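Here is the structure we will look at, set down as structure tokens.
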Amino acid sequence: MTHRTTPPPRICPNCDGFASAAITLGNRDRHGHLRTITAHCPTCHGLGTVPARHTEAGARA
């Protein structure tokens, strides 16, 4: 008996799979470390993938 496979998740078209980025603020803290913030892709919310579109059987694209 064959098994149905789930479709692979699609890579986010906005970030191309690189969903998070560390951005330096330009200054250092009192210990000498660079201060950074993390920015997430607004489309995939930091996951890098978006769910595949569900099409019904027999529906035209």
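As a basis for the values below, the full set of heavy atoms in this structure was taken, side chains included, without hydrogen atoms, waters or symmetry mates. Residue indices begin at 1 and follow the sequence shown. Every value quoted in this text rests on a predicted model; they were computed, and no experiment measured them.
- The only member of Ser20, Cys41, Pro42 that meets side chain to side chain contact (heavy atoms under 4.5 Å, CB included) when paired with Cys15 is Cys41.
- Considering all non-hydrogen atoms of both residues, Ala19 and Leu47 come closest at CB-N, 3.7 Å.
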Subject >> side-chain contact (heavy atoms from CB on, under 4.5 Å) evaluation trace for Ile37 with Leu25 >> reply: CA-CA 7 Å; Ile37 58 172; Leu25 298 176; 4.0 Å; yes
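- Put simply, NE2 on His45 and SG on Cys12 are 9.5 Å apart, with the number rounded to the nearest 0.5 Å.
- Residues Asn27 and Arg35 have side chains in contact (heavy-atom distance under 4.5 Å, counting atoms from C-beta outward).
- Taking every heavy atom of both residues into account, Val50 and Ile11 meet most closely at CG2-O, 4.4 Å.
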